Amino acid sequence: MMIHAYAKLNLGDDLFIKMLCERYPETRFVLPAEKAYKECFRNQANLSVRSVEAIWLRAFKKVLKRFRSLEVEKLYIKWLAFRCDGVVQIGGSVFMETPGWEEHLEWKREVYGRRKPYFILGANFGPWKDPAFLERHREGFAGCTDICFRDRHSFELFRDLGNVRVAPDIIFGYPVQTVPSRPELSSSAGRTAVLSVIRPSDRESLKSLDERYYDKFRDLSVALIEAGYRVVLMSFCEHEGDEEAAEAISARIPVGYADRVSCFKYRTNLDEAIACLAGADLIVATRFHAMILGWRFGKPVYPVAYSDKTLHVMDDARFSGGYGDLRHLEDMVPMDVVRSAETGRLNVSGLARRAEYHFERLDHYLGRSPGEEESAENAGRRVLAGRNHEN
């Protein structure tokens with residue numbers, strides 16, 4: 001099975017890949033990605049990372065100078081997809097209206113087509129404004145084998161399609177019994193607050209908020225230190241500027257508090273990143289999956305929403321604790337964050353069970369008994385025949 005994912009060393013998306021591969025140990029997965037993913041998943045025996053930076057591929061690009069590099073990569077990924085029995089697109093915010101979305105959609109259509117089973121798991125739809133964006137995706141979704149969104153708002157946009165479902169975010173089902181420990185976050189070291197941070201300007205709608213956001217998180221850090229916490233500024237994704245944000249906030253911490261602040265940078269160290277969150281006593285979560293993992297590990301969480309996707313999931317989960325909104329930074333009070341240690345927990349055992357529902361149709365395709373076996377070719381024909389999807 002081909003995995004189509006956001007392969008930019010983003011902690012949340014990498015956890016999607018990890019959980020998918022571990023759920024189906026008898027299935028061989030293929031992931032086209034940068035070579036760092038070979039290190040990230042070096043112990044995942046059923047995952048083959050096909051580097052888009054391979055030496056032979058770079059040589060091929062030089063030979064075919066008249067083709068753009070992206071075109072060569074497209075041909076390579078198309079060839080990989082052709083050799084697989086189906087495609088699993090797994091990720092969260094993978095359907096956002098961004099500049100050039102038409103070209104991206106056409107790229108996907110050319111590379112993956114719909115000749116084989118195509119599953120979309122764990123996504124939300126939007127933000128979007130152009131009605132054409134919605135309609136073009138509706139046309140594409142109609143040809144998919146199965147789509148399971150992670151929020152009801154997205155589901156309602158396409159519920160008339162017979163192949164669309166909804167379930168809580170996949171990471172709600174992360175197996176907590178597998179979480180490694182970090183001795184440095186033991187109780188003897190005192191209480192720890194992990195603050196997951198972002199660079200707001202990496203998002204078009206938040207272009208002017210960097211300085212205000214960094215100042216606000218400096219204030220939050222100082223308040224938490226004064227309340228007795230050590231503060232860890234956590235980066236989920238170097239590519240999206242999280243590390244730059246952590247360093248900018250750290251540089252603003254007053255001298256008398258600086259020895260109580262450290263930075264954690266996720267690169268390929270998945271187990272260490274999970275242990276960092278699992279060992280926290282309080283999580284201030286700008287990153288969406290810092291919020292989900294915090295709840296999953298039974299931690300008090302103070303979410304800081306930077307888009308409606310966070311608000312939608314909080315609403316679906318019926319979270320009643322305090323939270324902030326990056327678009328209304330002036331309303332965030334540091335002492336409310338400190339007090340969230342008493343109000344920010346959420347029992348997600350029910351959500352964890354329901355998150356399994358994402359894999360229901362894929363379970364059937366990959367784990368059916370020999371008597372129910374269906375070839376990829378026949379499954380593809382069935383998908384094409386059912387494009388109109390009557391309820």
Side-chain angles (χ1 to χ4, degrees), residues 5-18 33-34 36-37 39-40 91-94 96 98 169 171 174 182 185 192-221 224 230-253 258 261-280 282-294 297 299 301-307 309-310 313 323-327 329 332 337:
Y6 180 71
K8 298 291 186 182
L9 291 177
N10 178 295
L11 177 59
D13 291 278
D14 293 352
L15 282 179
F16 282 139
I17 297 169
K18 174 181 169 69
E34 58 185 88
Y37 274 85
E39 171 63 21
C40 187
S93 299
V94 292
M96 297 186 293
T98 55
D169 188 88
I171 305 300
Y174 188 84
R182 289 188 71 195
L185 294 181
T192 300
V194 173
L195 282 60
S196 82
V197 300
I198 65 169
R199 181 176 63 194
S201 60
D202 198 63
R203 294 141 185 89
E204 187 63 33
S205 61
L206 307 173
K207 284 292 186 185
S208 62
L209 291 182
D210 284 6
E211 298 303 315
R212 290 172 55 205
Y213 174 77
Y214 299 156
D215 287 345
K216 178 64 70 172
F217 267 66
R218 173 203 59 205
D219 296 343
L220 298 183
S221 298
L224 287 164
R230 291 191 311 110
V231 169
V232 178
L233 301 170
M234 186 173 188
S235 161
F236 267 43
C237 182
E238 178 190 16
H239 176 73
E240 295 182 3
D242 290 16
E243 290 188 12
E244 178 185 310
E247 291 165 1
I249 295 166
S250 180
R252 285 167 162 76
I253 302 296
V261 177
S262 61
C263 295
F264 180 94
K265 301 175 181 179
Y266 170 68
R267 297 287 180 84
T268 61
N269 47 337
L270 263 176
D271 287 346
E272 290 181 29
I274 293 300
C276 181
L277 290 165
L282 172 65
I283 295 173
V284 181
T286 316
R287 278 287 179 181
F288 179 85
H289 281 115
M291 174 182 75
I292 301 296
L293 286 167
F297 297 150
K299 307 298 179 180
V301 178
Y302 184 88
V304 181
Y306 64 83
S307 73
K309 71 175 182 182
T310 303
V313 170
Y323 69 93
D325 192 322
L326 204 150
R327 296 160 294 187
L329 279 170
M332 286 178 58
V337 178

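Only a predicted model underlies this, so the values are computations on that prediction, with no experimental measurement involved. All residue numbers refer to positions in the sequence shown, counting from 1.
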Quick one: pull up [atom1] in [X] and [atom2] in [Y] and give me the separation to the nearest 0.5 Å.
X    : Y    : atom1 : atom2 : result
S307 : R327 : OG    : CZ    : 6.5 Å
R218 : R252 : CZ    : CZ    : 7.0 Å
L220 : L233 : CG    : CG    : 10.5 Å
E34  : L9   : CD    : CG    : 5.0 Å

Between [X] and [Y], what is the shortest heavy-atom contact and its length?
X    : Y    : value
Y214 : E244 : OH-OE2, 4.2 Å
G294 : I283 : CA-CD1, 3.6 Å
M234 : A273 : CE-O, 3.5 Å
I253 : S221 : CD1-CB, 3.7 Å
F16  : G92  : CE1-N, 3.6 Å
D13  : G91  : OD1-CA, 3.9 Å

Please check: side-chain N/O of [X] versus main-chain N/O of [Y], any donor-acceptor pairing under 3.5 Å?
X    : Y    : value
S196 : T286 : yes
K207 : S201 : yes
K309 : S93  : no
N10  : C237 : no

Please examine the side chains of [Y] and [X], heavy atoms only from C-beta on, and report whether any two atoms are closer than 4.5 Å.
X    : Y    : value
I198 : L326 : yes
L11  : R287 : no
V313 : F288 : yes
Y174 : I292 : no
F264 : E272 : yes
K18  : D271 : yes
F297 : I274 : yes

Check: Between K216 and D219, is there a side-chain N and carboxylate O pair less than 4.0 Å apart?
Finding: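 Salt bridge between K216 and D219, a charged N being under 4.0 Å from a carboxylate O: no.
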Next item on the list: Please determine, by modelled atom types, if H289 and D169 share a side-chain donor-acceptor pair under 3.5 angstrom.
Entry: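 A pair is found: one side chain offers a donor N or O, the other an acceptor, under 3.5 Å apart.
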Margin query: Is it the case that the side chains of Y266 and D14 hold a donor-acceptor pair, with the cut-off being a distance below 3.5 Å and no angle test?
Written below: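 Judged by distance alone, the side chains do pair up.
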Note to self: Tell me every residue that passes side chain to side chain contact (heavy atoms under 4.5 Å, CB included) with D202, counting only those two or more places apart in sequence or in another chain.
What the structure shows: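 Partners of D202 by the side chain to side chain contact (heavy atoms under 4.5 Å, CB included) criterion, ordered by chain and then number, come out as R199, E240.
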Next item on the list: Using side chain to side chain contact (heavy atoms under 4.5 Å, CB included) as the criterion, list what pairs up with R212, not counting sequence neighbours.
Entry: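 Side chain to side chain contact (heavy atoms under 4.5 Å, CB included) list for R212, sorted by chain: L209, L329, E330.
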Next item on the list: For L195 and L224, run side chain to side chain contact (heavy atoms under 4.5 Å, CB included): C-alpha distance rounded to whole Å, both residues' side-chain angles, the deciding distance at 0.1 Å, then the answer.
Entry: CA-CA 10 Å; L195 282 60; L224 287 164; 3.7 Å; yes
Check: On the ring face of Y306, is R203 found with NZ or CZ under 6.0 Å from the centre and within 45° of the axis?
Finding: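 Yes; both conditions hold, so R203 lies above the ring face of Y306.
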Item checked: For F236, ring-ring contact (aromatic ring centres under 6.0 Å, His included) partners two or more places apart ->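 If we apply the ring-ring contact (aromatic ring centres under 6.0 Å, His included) test to F236, skipping adjacent residues, there are no hits.
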